[in-house]
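Worksheet: the structure to be examined is printed underneath.
All values below come from the heavy atoms of this structure, side chains included, with hydrogens, waters and symmetry mates left out. Every chain is numbered from 1 and lettered A, B, ... according to where its sequence line falls, protein lines coming before strand lines.
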Protein chains: 2
Amino acid sequence: MAKYDNLREQILDQARHLLVEKGYINVTMRKVAHLVGCTPTSIYLYFENKDALIHSLIEEGMDILHQKIKECLAAESDSAAQFKRMCHSFLEFGFTNPEYYVVMFQLPTDEMVPYPAEKYRRARSNLQQFADVLHQARGEKQPTIDPLVDATMVWSLLHGATSLYLAQRIDARIPKELFLTRTVDYAASMLNPIHQSS
Amino acid sequence: MAKYDNLREQILDQARHLLVEKGYINVTMRKVAHLVGCTPTSIYLYFENKDALIHSLIEEGMDILHQKIKECLAAESDSAAQFKRMCHSFLEFGFTNPEYYVVMFQLPTDEMVPYPAEKYRRARSNLQQFADVLHQARGEKQPTIDPLVDATMVWSLLHGATSLYLAQRIDARIPKELFLTRTVDYAASMLNPIHQSS
DNA sequence: ACCGTAAACTTAACACTGTAAACTAAAACC
DNA sequence: GGTTTTAGTTTACAGTGTTAAGTTTACGGT
C-alpha cells in the first residue's frame with residue numbers, strides 16, 4: 001500500500017536536516033517535500049500544518065536539552081556544582097545548536113501559533129530543576145525567598161546571553177570563553193542570596 | 001510635480017502605525033502602501049527594500065531608548081541609583097513598546113540582513129553608558145574587572161527578562177511588578193563585585 | 001510656445017510562501 | 001469482483017518581497 005517507507009519519519013528527518021544545516025527560514029514545506037521526494041501537500045497528511053511540524057522539532061529539542069540538564073545532576077554531588085554545570089550546559093546547548101534554539105525559544109509569537117501550553121511541560125520542568133537545585137544549594141535558609149523567582153532570573157540571564165551571542169551582538173572584544181564563564185559566575189551568584197532591595 | 005506631500009514621511013508614519021498597532025508581521029509593503037494610498041512599489045523610491053524601511057524604525061526606537069537611558073543620569077546624582085534606574089527604564093521600554101522591542105532586538109538574523117555595524121552606534125553607546133555608570137558606582141576599586149563585560153552581563157539579563165516577559169513565558173504565579181523589581185535587584189548586584197570564579 | 005529630458009509614480013509580472021479542494025491510484029474488505 | 005477506504009498528487013488561491021517596463025507630470029533650454 002504505502003508508496004513510502006514511514007513517510008512521517010522521512011518528513012521529520014528532512015525538516016530537521018534543513019533546520020540544522022540551512023536555518024529556520026529554509027524550512028519550507030516545498031523544500032522539505034523536495035528532499036523527501038514527495039509533494040508539499042503530502043506533509044499535511046501527517047502534520048496539521050507547518051506549525052505542527054515545527055512543534056515536533058521543538059519537542060525534540062526540548063528532549064535533548066532536558067537530557068543534558070538531567071546529566072548535570074548525575075555528574076556532580078554538590079548541589080552548587082550541579083547548578084553551575086546546569087547553567088553551563090544550557091549555554092552550551094544554545095551555542096552549539098543555534099537553529100534548534102531559535103525555534104525553541106526565539107520564534108516570534110506572531111509568526112507562529114504559540115507553543116501549546118500543555119507542551120510547555122518540559123520547559124517548565126527545566127525551570128523547576130533550576131529552582132530545586134537552587135533551593136537545595138542554599139540549604140533551606142531563608143525560605144522567604146522563592147526559588148522559582150530566582151530560577152526565573154537565572155533563566156532570563158541565560159536566555160539573554162544565548163540570544164545576544166547567537167545574534168552576534170556581543171562586543172567582539174569579549175572572547176566567547178570569557179563570556180561563557182562570566183555568565184555562569186553571574187548565575188552562580190544566585191547561590192548566595194545576599195540581595196539588597198531597591 | 002509631487003503627487004504626494006512628503007511621501008517618504010507618510011510611508012514611515014504608516015509603517016510605524018502598523019508596527020505599533022498590529023505588530024511586525026502586519027508590516028507588509030502592500031499594507032503600508034494601502035494605508036498611505038500609494039502603490040507598493042512606490043516605497044522602493046524612498047527605501048532600498050523592506051529591510052531599509054524597518055531599519056529606519058529601528059533607529060527611531062534606538063533613539064527613544066537612548067533618550068530614556070540618558071534621562072536616568074539626570075534624574076539621580078548617585079551613580080548606583082542611576083544604574084538601577086537605567087535598568088528599570090530598559091525593562092519598561094521593552095514592556096511598554098513590545099513591537100519596537102521586537103524589531104530592535106529580536107528580529108532573526110537570517111530573516112533580515114544584520115543590522116549594519118555602523119548603525120550599532122546607539123546600541124553600543126547604550127551599553128557603554130551602562131559600563132560607565134557601573135565603573136563609576138564601584139569607585140574605581142578593582143580595575144581588573146572589566147566593566148564592559150559586566151555591563152554585557154547586565155544587558156543579557158535585561159534582554160532575557162524582557163524577551164521572556166514579552167513571549168509570555170514567565171510563570172503566571174510571578175506578578176509583573178515582582179518580576180521587574182527582582183530583575184533590577186539582580187542587575188544591581190553587579191554593583192558589588194564580590195564574585196567567586198568557578 | 002514647444003520640445004526633450006528627467007523625476008515621480010504606476011502597472012504588470014515573477015518567484016516565492018502556506019494551504020484547501022478536488023482528483024487519482026492503489027490497497028483492503030466483504 | 002465490486003465497493004470503500006487509504007495514500008498520495010494535481011491544481012489552484014491568496015498572500016509575500018521585488019524587478020522591469022510603462023506612464024504621467026513637471027522642469028529647463030532654445
**Request:** Could you pull out all residues at least two apart from T41(A) that satisfy side chain to side chain contact (heavy atoms under 4.5 Å, CB included)?
**Result:** T39(A)

Polar atoms only, N or O, under 3.5 Å: list the protein pairs with nucleotides 13-16 of chain D and their distances.
residue : atom : partner : partner atom : Å
dT16(D) : OP1  : T28(B)  : OG1          : 3.2

**Item:** Interface with DNA chain C, restricted to residues 35-49 of chain A and to heavy atoms under 4.0 Å
**Value:** T41(A), Y44(A), N49(A)

**Fill in**
Taken in chain and number order and not counting sequence neighbours, the residues that satisfy ring-ring contact (aromatic ring centres under 6.0 Å, His included) with F95(A) are Y165(A)

**Fill in**
Rounded to 10°, the angle between the first-five-pair and last-five-pair axes of the helix from dA1(C)-dT30(D) to dC30(C)-dG1(D) is 20°

**Item:** Contact under 4.0 Å: Y4(A) side-chain N or O vs dT9(D) OP1/OP2
**Value:** yes

**Fill in**
With sequence neighbours left out, the residues meeting ring-ring contact (aromatic ring centres under 6.0 Å, His included) with F179(B) are none

**Residue-level proximity of residues 12-19 of chain B to DNA chain D when a heavy atom falls under 4.0 Å** = none

**Prompt:** Relative to Y24(B), does K50(B) satisfy both conditions: NZ or CZ under 6.0 angstrom from the six-membered ring centre, and within 45 degrees of the ring's axis?
**Reply:** yes

**Complete:** Sequence neighbours excluded, the answer for side chain to side chain contact (heavy atoms under 4.5 Å, CB included) partners of P40(B) is R30(B), A33(B)

**Item:** Partner residues of Y46(B) under the ring-ring contact (aromatic ring centres under 6.0 Å, His included) criterion, sequence neighbours left out
**Value:** none

**Request:** Mind checking side chain to side chain contact (heavy atoms under 4.5 Å, CB included) for S79(B) and listing every partner two or more places apart, or none if nothing turns up?
**Result:** Q82(B), V133(B), Q136(B), A137(B)

**Request:** Any pair with a residue in residues 87-98 of chain B that passes side-chain hydrogen bond (donor to acceptor under 3.5 Å, both in side chains), sequence neighbours left out, goes on the list, sorted by first then second residue, please.
**Result:** none

Below 3.5 Å, can you tabulate the donor-acceptor pairs from side chains in residues 66-77 of chain A to any protein atom, sequence neighbours excluded?
residue : atom : partner : partner atom : Å
H66(A)  : ND1  : S125(A) : OG           : 3.4
H66(A)  : ND1  : N126(A) : OD1          : 3.0
E76(A)  : OE2  : R85(A)  : NE           : 2.8
E76(A)  : OE2  : R85(A)  : NH2          : 2.8

